[in-house]
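Below is one structure, written out as structure tokens; the observations come after it.
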Amino acid sequence: MSSFWSLWIIVLTTIMLIGTVWILFANRKTKNTGPDATTGHVYDGIEEYDNPLPAWWFYLFVITIVYSIGYLIAYPGMGSFKGVLGWTQINQYEKQVAKAEQKYGAIFAQYRDMPVEQVIQDGKALKMGQRMFANNCAQCHGSDARGSYGFPNLTDGDWLYGGSPEQIKTTLIQGRSGVMPAWAGPLGEEGIVNVSNYVLSLNGRAVDADSAAAGQEKFAMFCTSCHGADGTGNIALGAPNLTNNIWLYGGSPGLVQRTLRNGRNGQMPSHEKILSEDKIHLLTAYVYSLSQTPAEQE
Amino acid sequence: MNKRVDKPTETVAVTDITEEFHPAGVGELDLYQKREKIYTRRIEGFYQRIRVYTGWPLLLGYFLLPWLNWDGRQAVLFDLPNRQFHIFNLTFWPQDFPLLAWMMIIAAFALFTVTAWAGRIWCGYTCPQTVWTAIFMWVEQWCEGSRNQRIKWDKAPWSVEKFARKLSKHALWGGFALLTGFSFVAYFSPARELLVNLVTIDFAALLSLGFNLDWWGLGIWEASWIIFFTLATYINAGWLREQVCMYMCPYARFQSVMFDQDTLIVSYDYHRGESRGARKKGVDASEKGLGDCVDCQICVQVCPTGIDIRDGLQYECINCALCIDGCNSVMDQMGYEKGLIRYTTENSLNGQPTNFLRPRLIGYAVAVVVMVAIFFTSIIVRVPLKLDVIRDRDRLYIQTTEGYIENSYTLKVINMDQQSHQYQISFSGLEGAKIIGKSKVVVIPGELSELPIRLSIDPADLEKTNNTIEFNVQAIDGSDYEAIAESRFIGPRVK
């Protein structure tokens, strides 16, 4: 706040305070016009008596003024004056967070030393995990964790970076950054069509055989280092398996070509600073449980 | 302590209170007037006995209800942390809020009906402010004596006896206020635990004098609400009294619009009473041109709001009928007919017939009956199952690799019954779609179960972009509980 605005607020507040005191005390005495004096207001023939206010009203005003002066000394209010208590919104927030951590930390901590495989047997833990998922993950992966275009399905057992509890936990803590480079330059437009045909053939789709054969050569040259010679992907790099029919960015020929042409960038944010270690442990268990559920009731 | 009841024949130095409120003839006046302390004279009579039958059941109900148990829990408990309101065998949830609104509306219309019919009898007999003030005045009388004695004590210099009397009065007031505050909080926090916590004091922690309440068994909120309601009771019933009725109570402000010429009000029969004047018993007053009012001021002295009912209908009058009892006892002694001050109507005072069955009153009464009927019907047909559907807000729809259009939802199924139930989830309004995810759920009593599910449809089957669908949750274990909630299914533009 610039010193002008600080001064502006201080002056206005002071004028208001003094004005209130003046109104209260300077107008105390009124002319006594007898017991039946009216204010002159008439509604439907009903007149309003000009009776004095009860004294306790006056004292309530006095108390309010005294309180406001005390408040302005204790808390920030007078421009950039910080107040003698040193209160700020941020330190109040931090105190409340610390208090909540202290109160609820124990609830999460009880699962700290329990292996994930055991946590998923605990209905209460999964319920807590589900709530955390709804608050932190559902925005991208959907409330049922089945994902959508660009956001992986977490329930299908197909994992870009691995689906073991440790791998899931690493994904949650560190985040992931999936990069598929753009190949428009090296491959050329024809190369892109050929490679896309080869990739689709890995899924057993009917494609132009000559084009796919040409694409296979380019694939061996540019793609195997990440997706593997057989196209089954590499979880160390987060390179997807191209031989199943699970596509993060769509499996139509056009979309596969677009992926090849422009590349893709996926970001899973790190949750290290957002959630405590114990919470991430529970969340890991919930996410792990999603792909472990036996045949679902339809 | 003095328990003597004032006899109306007792001679009293009369001061006209109405004059004190408006001291005329002084040049300037303080805009803010000090409260004139009202010394009410105790009176007994017919309406006082009625008050015993209205006040005590309310008081006892208020104090004893929290101690009643039902099905292993407190019978009446407003459990705010769990958001469940237990009233005997019913449990209300936040979703039942409309019922609370209905109850408020019923209470309001019942008040209108009663007011149109009989004026402010709610104020005079059952308003907590009046009931608690009556208790406090009774304590005051018990500690300090009759009206005259109280005036004398207040004027007397401080002495051991005056101090003892005042101290005992305030101690009793405080005790009763504490009981009130405690009972109030006991409706929200289980009474038995609350009592134990209230008296649990960790003296070691107290001696270490930390600036917190850790030494006390009570939590900070329970403690502060008990203290708040104790103080509020003590101040309202002990000190503010009629000031609450006159300056704070909104009802006093708008009750007059419900009055008409056929409303029963406490009124002084000026045709019969005027002109007022003192006379000896047995003297024929009409010879001296006097009416039946002997101008004894009893009606003024007994009035808890300090008004003179002979000045006509005033907004301060709470229809407590103390002046009727006072006046009747005097009329009895004078050998006059009772009822110089009585419950009557403006029409009847003016010699007109009173019309009790007037449209306004019938209208209010019909409204009350209809709303009570709706209220109880909705409680009886209430299904202890609730379904809320929240559509995922992150994207309008999802297109799968296979080309299906999907929408995700979170279904919140709340089992408000006392038993566990298994529920089947289905939907209607979207031909050709299917549920992906679990469609059966078991919910234990009093639990909210969140069930994320997805609806999937072939775009060829989608006839509209925006479809209204209905989710249906049905218990599949014999009970016929069913709940329906509406939502939408959104797809791509349909050409």
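Remember, it's a predicted structure, so these values are computed and weren't measured experimentally. Per chain, numbering begins at 1; letters A, B, ... match sequence-line order.
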Next item on the list: Mind ranking Tyr149(A), Trp247(A), Trp57(A) by heavy-atom pairs under 4.5 Å with chain B and telling me who comes out on top?
Entry: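 The residue among Tyr149(A), Trp247(A), Trp57(A) with the greatest pair count is Trp247(A).
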Checklist line | Between Gly251(A), Ser252(A), Gly147(A), the one whose heavy-atom pairs under 4.5 Å with chain B are most numerous | finding: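 Of the candidates given, the most pairs with chain B belong to Gly147(A).
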Check: Among Glu450(B), Gln399(B), Gln243(B), which residue forms the greatest number of heavy-atom pairs with chain A at distances under 4.5 Å?
Finding: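 It is Gln243(B).
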Next item on the list: Using a cut-off of under 4.5 Å on heavy-atom pairs, state which of Thr400(B), Thr410(B), Asp392(B), Leu240(B) scores highest against chain A.
Entry: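 Of Thr400(B), Thr410(B), Asp392(B), Leu240(B), Asp392(B) has the most heavy-atom pairs under 4.5 Å with chain A.
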Flag for [Y]-[X]: side-chain donor and acceptor within less than 3.5 Å:
X         : Y         : answer
Tyr251(B) : Thr115(B) : yes
Tyr409(B) : Asp144(A) : no
His421(B) : Asn415(B) : no
Arg391(B) : Asn407(B) : yes

Segment of [X] engaging chain B (4.5 angstrom heavy-atom cut-off):
X         : value
Ile46(A)  : neither
Ala138(A) : backbone
Phe133(A) : neither

Can you tell which part of [X] gets under 4.5 Å to a heavy atom of chain A, answering side chain, backbone, both or neither?
X         : answer
Leu411(B) : neither
Ile390(B) : neither
Arg395(B) : side chain

Note to self: Check Lys124(A) with Asp122(A), please: is the shortest side-chain N to carboxylate O separation under 4.0 Å?
What the structure shows: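 No salt bridge links Asp122(A) with Lys124(A).
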Next item on the list: Inspect the contact between Lys127(A) and Glu447(B) and indicate whether a charged nitrogen and a carboxylate oxygen are less than 4.0 angstrom apart.
Entry: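 A salt bridge is present here (some side-chain N lies under 4.0 Å from a carboxylate O).
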Next item on the list: Enter the distance from Leu451(B):CG to Leu387(B):CG here, rounded to the nearest 0.5 Å.
Entry: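 Here the rounded value is 10.0 Å.
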